Number of protein chains: 2
Amino acid sequence: MTQTRTTRLERGRSALGPALELVHTGRAPTRAVLTAELGVTRATAGAVAAELETLGLIRVDSRPRSATGSQGRPSHRLSIEPQGPVVLAAQVHADGFRAALVGLGGNIVATAPGRMTVPADPAHVLGEVVRAGSDLLRQTGRRCLGAGLAVPSAVAEPQGTALNPLHVAWHAGAPVRDIFTERVREAAVFDRDRPAPAVFAGNDVNLAALAEHRHGAGRGSRDLLCVATGHRGVGGALVLDGRLHTGSTGLALEVGHLTVNPEGRPCHCGSRGCLDVEADPLAFLTAAGREAGPEGSLLRQSRDLLRDEYADPAVRAAAHLLIDRLGLGLAGLVNILNPDRVILGGLHRELLGSDPGRLRAVVADRSLWGQSGSVPLLPCTLDHNSLIGAAELAWQPVLDDPLEALTA
Amino acid sequence: MTQTRTTRLERGRSALGPALELVHTGRAPTRAVLTAELGVTRATAGAVAAELETLGLIRVDSRPRSATGSQGRPSHRLSIEPQGPVVLAAQVHADGFRAALVGLGGNIVATAPGRMTVPADPAHVLGEVVRAGSDLLRQTGRRCLGAGLAVPSAVAEPQGTALNPLHVAWHAGAPVRDIFTERVREAAVFDRDRPAPAVFAGNDVNLAALAEHRHGAGRGSRDLLCVATGHRGVGGALVLDGRLHTGSTGLALEVGHLTVNPEGRPCHCGSRGCLDVEADPLAFLTAAGREAGPEGSLLRQSRDLLRDEYADPAVRAAAHLLIDRLGLGLAGLVNILNPDRVILGGLHRELLGSDPGRLRAVVADRSLWGQSGSVPLLPCTLDHNSLIGAAELAWQPVLDDPLEALTA
DNA sequence: TCGCTTTGTGCTCCGTCCGAACAAAACAGG
DNA sequence: CCTGTTTTGTTCGGACGGAGCACAAAGCGA
């Protein structure tokens, strides 16, 4: 009897995956740098780069367009193949969705927005999302290697269900990953002659953090904390060693119920003064004495207020109040997670911009150890970071083992 | 010119390390299981086991003492070589220290306690520790492959300094790792003809968690949270995928300043009602209306009280109060970290034992998502878990690459 | 005793990457 | 323009870890 091999240590034994990841994240602009980053010989790096080019994933330019200025033979330049394959990425938000085709390197190749004025059930919304995506695929004629979805809700793993999809009026526990998978398969978006790739879904803040880690403000971080607020509530995410930390059931970094104001208003969780109700756009508008508009416009409304009426003492006071509460929450998270960098998205990004010194001071004051207190606070820098993060999820199998993903 | 190799992807390319780790943690009792766990062929597993035996680390018994009951040829049994090499492990606590020689598998081969009645500076204490350890080595004649130290303080990385060594009256920022390293090198504890191995230091709760993960209540967990209290303050630790998560500067899981009682007593951190002052032995004794003894006996005093006088309504009320506060803190941590298991040490272990239902209910009630609420809460099971954890730290290089660590 | 099942062992083969020698492409200086 | 220097790319042989296969060994059950 022959032996049954249980593939366990099998994943990505060659340097192909790491090499692609280096080009993907822009850390290997030339073959010489790739050689150094991989820690292999020039011969190996050359073979690896050639194979990735053969697979149609990267481009190797032997004619460097510009002299580097340094001595020696110029190295071949490496870049993502602009006509290469894409993945289907989508983001669902309070009042609509956005579908896109995203290439390696976080390049958005094509994108299409969609609006939904009435709350619609997930099956309908995701059907529209996939229809928009497959339209884009037909128009561009690209090959599609995977699909990823960002939703404004915690996503339970391994089920792939949306647990608190507040903004989109779906029922708690909606199996968004399975629905999305089904719609994508129906649309016949992938190569017909090969096994269909896995389809992914994740929380939008988590995916924003992942995208920022690979292509934005989080580049180079080994221990990245991201905190962001959209319209209601506060979300968090942690990227450890380049991988999203989702916890054992996908529910890690649900930071909304940290206590930041013991005398604060009651929260639906039973406590009071939670970050969720003390540091989101609604809290900001209330603190500034403004009337809150419809749910899907709270972020825009807050952002406009902060930018256009910062001279108004009430607005400034509200900003300071939110900064202080956010700072308290961040300090608690820094004490627990000890990240090497913190990036802020949504309204928190604007608050940081409005008074960086104040927020840094609060965090430094309330987190232990001066060293942790000096953790850098940075704004998110990518447009559509959740969308790009959804694409990262879909690209991951290719990054892990390009050969397997493309030919096996 | 020949190429300069920068060793980067070099670590542990063969299956030797993973195999040793499986035997070390008891997950590979036989060669057949080892084959399955490694996901390699029987031939490879056989070669690997033989090599580990040659290195003197494990024992391969071809004569199984007991029939397995199942059909087929009985597999060779694998076990840690009882006469194999050891590491020097030590733990410093409020009123003394303990030195030990620890083999693979978490086996304490020899141990020696030490007492210090007056606060002593770290250089003196660690000198005594190493003296005790090298005495043990001389008595047993074992080969020593590394050294690890557990201290009741956060340890900053990569400096290896003790940031808040409250119980031992050392100055904040004492370079304990360097001092320990120096003393160990002076004592000529390692093989003379080989480069001296690295020496490690870590926080005692962190190391307890690591030990429990490999040999105790945390076995098999991928996402283990540990919370414990000794005499004063509360410590936390997280073991992710079998590795201690220390954060970017070693200060992760400083959980003492989570707010668990908004109206609580002020804490030195500037806030009030912190876990540190609301859920440690001192808080328990105070709540029970008892006079607190000397610092180094608070845990014993609390434990005795809980065991012997639980009938006393004041004691029971104090226990319930602490359980409620601890539960609030655990719920916050569960929301942030989403562990698959929580283990409790020190007084928290006893509190769990005194009323498991109450603590589980509080955590379930205050952590989001019923699913996370049902995260298992378990007591620590190992004696001297910090000590064994310190040994784990010292064993890690051997587990990562046995060949390199033993012969290179 | 004879199958049946499971595990251990001895070979060959293959893929990945190292190491070294050599070639190519730039710059600097005369 | 030519030459040496520097840096990078290329080619080829070989080491090494592990797969795959055939066969042997060691237990159970009838």
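For the numbers below, each heavy atom of this structure counts, side chains included, while hydrogens, waters and symmetry mates do not. From a predicted model like this one, the values you see are computed outputs, not experimental measurements.
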Can you tell which of C/dG8, C/dT5, D/dA19 lies closest to the side chain of B/Val40?
-> D/dA19
Does A/Arg31 have a side-chain nitrogen or oxygen under 4.0 Å from the phosphate oxygens OP1 or OP2 of D/dG9?
-> yes
Nearest-neighbour nucleotide for the B/His76 side chain, C/dT9, C/dA25, D/dG18 considered = C/dT9
Between atom CD in B/Glu51 and atom C1' in D/dG18, what is the gap in whole Å?
-> 13 Å
Phosphate OP1/OP2 of D/dT8: any A/Thr30 side-chain N/O under 4.0 Å | no
Nearest to the side chain of B/Arg42, which nucleotide is it out of C/dC17, C/dG8, D/dG9?
-> C/dG8
Just checking, any donor-acceptor pair under 3.5 angstrom between side chains of B/Glu392 and B/His215?
-> yes
Picking from C/dG8, D/dC28, C/dG19, the nucleotide nearest the side-chain atoms of A/Ala43 would be C/dG19
Measure the NE2-OG distance between A/His213 and A/Ser221 for me, rounded to the nearest 0.5 Å.
-> 5.5 Å
Between D/dC16 atom C1' and B/Glu404 atom CD, what is the distance in whole Å?
-> 16 Å
Taking CD from A/Gln71 and P from D/dG9, how many angstroms apart are they, rounded to a whole number?
-> 16 Å
Do any side-chain nitrogens or oxygens of B/Ser75 fall under 4.0 Å of OP1 or OP2 in C/dG8?
-> yes
Expressed in angstrom and rounded to an integer, what is the separation of A/Leu34 atom CG from D/dT7 atom C1'?
-> 16 Å
By nearest-heavy-atom nucleotide on DNA chain C, the more 5' of A/Leu16 and A/Arg73 is A/Leu16
Residues forming a side chain to side chain donor-acceptor pair (under 3.5 Å) with B/Asp191, sequence neighbours excluded | B/Arg143
For B/Thr381, which residues count as a side chain to side chain donor-acceptor pair (under 3.5 Å) partner, sequence neighbours excluded?
-> B/Glu212
According to a strict under-4.0 Å criterion, is B/Thr41 in side-chain N/O contact with OP1 or OP2 of D/dG18?
-> no
Give a yes/no on whether any side-chain N or O of A/Thr44 is located under 4.0 angstrom from OP1 or OP2 of C/dT16.
-> no
Rounded to the nearest angstrom, tell me the gap between atom CG in A/Leu38 and atom P in C/dC18.
-> 10 Å
Do you see a donor-acceptor pair shorter than 3.5 Å between the side chains of B/Thr25 and B/Arg27?
-> yes
B/Leu403 CG to D/dA15 P, in whole Å, measures 18 Å
Nucleotide of C/dC27, C/dT7, D/dT8 approaching B/Ala32 most closely (side-chain heavy atoms) = C/dT7
Rounded to whole angstrom units, what separation is found between the CG atom of A/Asp61 and the P atom of D/dT8?
-> 17 Å
